[in-house]
Protein chains: 2
Amino acid sequence: MSDAERLDGILAMLRERGGRLTTARRAIITALVGSRSHVTADELSATVRAAHPDVHLTTIYRCLDTLEEIGVVDHVHLGHGRAVYHLNDEIHQHLVCERCQAVVEVPDSLFDDLAARVKGRYGFTIRPHHFAVLGRCAACQ
Amino acid sequence: MSDAERLDGILAMLRERGGRLTTARRAIITALVGSRSHVTADELSATVRAAHPDVHLTTIYRCLDTLEEIGVVDHVHLGHGRAVYHLNDEIHQHLVCERCQAVVEVPDSLFDDLAARVKGRYGFTIRPHHFAVLGRCAACQ
DNA sequence: ATCTTTGCAAACTTTTTGCACCAAT
DNA sequence: ATTGGTGCAAAAAGTTTGCAAAGAT
């Protein structure tokens, strides 16, 4: 799936929801699709501003909220303070190095065992995608 | 180990490190030891203020920082925004319900398998205590 | 006497909100 | 013509910092 197709798909979902296809949204979603990884609202804002200097950070947040409601985007708290946003097309878990901040993405399936055990013993259903797991990456041991 | 012993132990560690035993610190650590679970800086401040109305929230933060440097306290980001602090004597992982905010503590050992696999495949060492795992508790399914 | 710790006020960072205007349908 | 989206400014929430005064050693 190309970036253009991805963009169109998201725009279509927005329209279905009764949303409007504004310049700002197009720019934000384009930037999000283009930046292939995890971005903070701030970073996204910088990218968007390159082409559309008038798009306000507030609008970024509101757009990301909307996309999250639709289920297209998810956000994760990687560290102290800021959150990062990413497209939701492949679900993965984040390992974040406490030292160098590197983000390692690992398949969700690694957590299946843990999830099953926690479910069995505590009745708790893990939804792991929302928070990062911290530690030390290979390079920083 | 009684609360009083625990308090004394922590005060001793502080002293060893060249720290001073102030009224504020005594009050904060007492409150921390007394409140048997996870507290936000704010909650801790409220408890401390009951007996010592003059201890400022800033001081709470600075004291918690110091205790964290010593290794006595750890803090965890349970949700969006505030962090919770807890004594470091039994290491456990936090499961937090996204709906009712309940905190379920589970033994660290549940994560051993996951940690081993992540270590093997990605060279990443998980230090899981720092962040919460989100999901739905038994009552909120 | 020294040097850490404290209180206070103010800054800071990230995110949210109120409101009048604009623009997509 | 609607009504949802946007920009702006300002508030909120949580935490940190600078500095002079207080307090522990």
Side-chain angles (χ1 to χ4, degrees), chain A residues 10-31 38-46 48-49 51-70 73-85 101 130-132, chain B residues 10-31 38-46 48-49 51-70 73-85 101 130-132:
Chain A
I10 297 173
L11 293 178
M13 288 192 220
L14 258 179
R15 200 163 11 203
E16 268 166 42
R17 278 290 178 108
R20 293 179 183 180
L21 305 191
T22 64
T23 320
R25 284 186 168 171
R26 246 180 266 266
I28 294 166
I29 299 168
T30 302
H38 306 76
V39 275
T40 63
D42 228 42
E43 290 164 351
L44 201 52
S45 176
V48 168
R49 274 205 165 104
H52 301 264
D54 45 321
V55 173
H56 203 274
L57 181 57
T58 304
T59 305
I60 308 269
Y61 277 111
R62 285 196 272 226
C63 181
L64 286 169
D65 274 3
T66 306
L67 293 176
E68 213 159 341
E69 276 164 31
I70 297 182
V73 159
D74 214 347
H75 80 278
V76 185
H77 300 266
L78 295 186
H80 301 223
R82 62 194 137 288
V84 287
Y85 296 78
Q101 311 296 320
H130 196 60
F131 268 71
Chain B
I10 297 174
L11 293 178
M13 288 193 220
L14 259 179
R15 200 166 9 203
E16 265 167 44
R17 206 201 163 240
R20 293 178 183 182
L21 305 191
T22 64
T23 319
R25 283 186 171 170
R26 246 181 266 269
I28 293 167
I29 300 169
T30 302
H38 306 74
V39 276
T40 63
D42 230 41
E43 289 163 353
L44 201 53
S45 176
V48 169
R49 274 204 165 107
H52 301 263
D54 43 321
V55 173
H56 202 274
L57 180 58
T58 304
T59 304
I60 307 268
Y61 276 112
R62 284 195 274 224
C63 180
L64 286 169
D65 273 3
T66 306
L67 294 176
E68 213 160 340
E69 276 164 30
I70 298 182
V73 158
D74 214 347
H75 79 277
V76 185
H77 300 266
L78 294 186
H80 301 224
R82 62 194 136 288
V84 288
Y85 297 78
Q101 312 296 319
H130 196 61
F131 267 71

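Values below: every heavy atom of this structure, side chains too, minus hydrogens, waters and symmetry copies.
The shortest distance between the side-chain N/O atoms of A:Arg82 and the OP1/OP2 oxygens of C:dT15 is not below 4.0 Å. Distances shorter than 4.0 Å separate some side-chain N or O of B:Tyr61 from OP1 or OP2 on D:dT15.
Applying side-chain contact (heavy atoms from CB on, under 4.5 Å) to B:Tyr85 and the options B:Leu44, B:Val73, B:Leu67 leaves one that passes, B:Val73.
Comparing B:Tyr85 and A:Val55 along DNA chain D, the residue whose closest nucleotide (by nearest heavy atom) sits nearer the 5' end is A:Val55. Nearest-nucleotide positions on DNA chain D place A:Thr66 closer to the 5' end than the other of A:Thr58 and A:Thr66.
A distance of 11.5 Å separates CG of A:Asp65 from CD1 of A:Ile70, quoted to the nearest 0.5 Å.
Side-chain atoms of B:Arg62 and B:Thr66 form no donor-acceptor pair, as typed in the model, at a separation below 3.5 Å.
In this structure, A:Arg62 reaches the bases: a heavy-atom distance under 4.0 Å links it to at least one base atom across the strands shown. When heavy atoms are screened at a 4.0 angstrom cut-off, A:Asp42 is found touching no nucleic acid atom at all.
As a whole-Å value, the separation of B:Ile60 CD1 from D:dT15 C1' is 13 Å. For the pair B:Arg25 CZ and D:dT25 C1', the interatomic distance rounds to 13 Å; values are reported in whole Å. As rounded to whole Å, 12 Å separates atom P of D:dT6 from atom CG of A:Asp65. Taking atom CG of residue B:Asp54 and atom C1' of nucleotide D:dG23, one finds them 13 Å apart after rounding to whole Å. When rounded to the nearest whole Å, the span between CG of B:Leu57 and P of C:dA10 equals 16 Å. Computed from coordinates, the B:His56 NE2 to D:dA21 C1' distance equals 15 Å when rounded to whole Å. Atom pair B:Arg17:CZ and D:dT25:C1' shows a separation of 16 Å (rounding to whole Å applied). Between B:His52 atom NE2 and C:dT6 atom P there is a gap of 12 Å when expressed in whole angstrom units.
For the residue pair A:Ile60 and A:Ala41, the shortest heavy atom distance occurs at CG2-O, 3.9 Å. Residue B:Ala51 comes nearest to B:Pro53 through the heavy atom pair O-CD, 3.5 Å, listed as atom of the first residue, atom of the second, then distance.
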Anything under 3.5 Å between a donor and an acceptor, one on a side chain of residues 17-30 of chain B, the other on a protein residue two or more places apart or in another chain? List them.
{"from": "B:Arg17", "atom 1": "NH2", "to": "B:Glu69", "atom 2": "OE1", "distance (Å)": "2.9"}
{"from": "B:Thr22", "atom 1": "OG1", "to": "B:Arg25", "atom 2": "N", "distance (Å)": "3.1"}
{"from": "B:Arg25", "atom 1": "NH1", "to": "B:Arg20", "atom 2": "O", "distance (Å)": "3.1"}
{"from": "B:Arg26", "atom 1": "NH2", "to": "B:Leu21", "atom 2": "O", "distance (Å)": "3.4"}
{"from": "B:Thr30", "atom 1": "OG1", "to": "B:Arg26", "atom 2": "O", "distance (Å)": "2.6"}

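At least one side-chain heavy atom of B:Glu68 sits less than 4.5 Å from a side-chain heavy atom of B:Asp74.
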Indicate for each nucleotide in nucleotides 20-25 of chain C, in 5' to 3' sequence, whether protein heavy atoms under 4.0 Å reach the base (B), only the sugar-phosphate (S), or nothing (-).
-> ---BBS
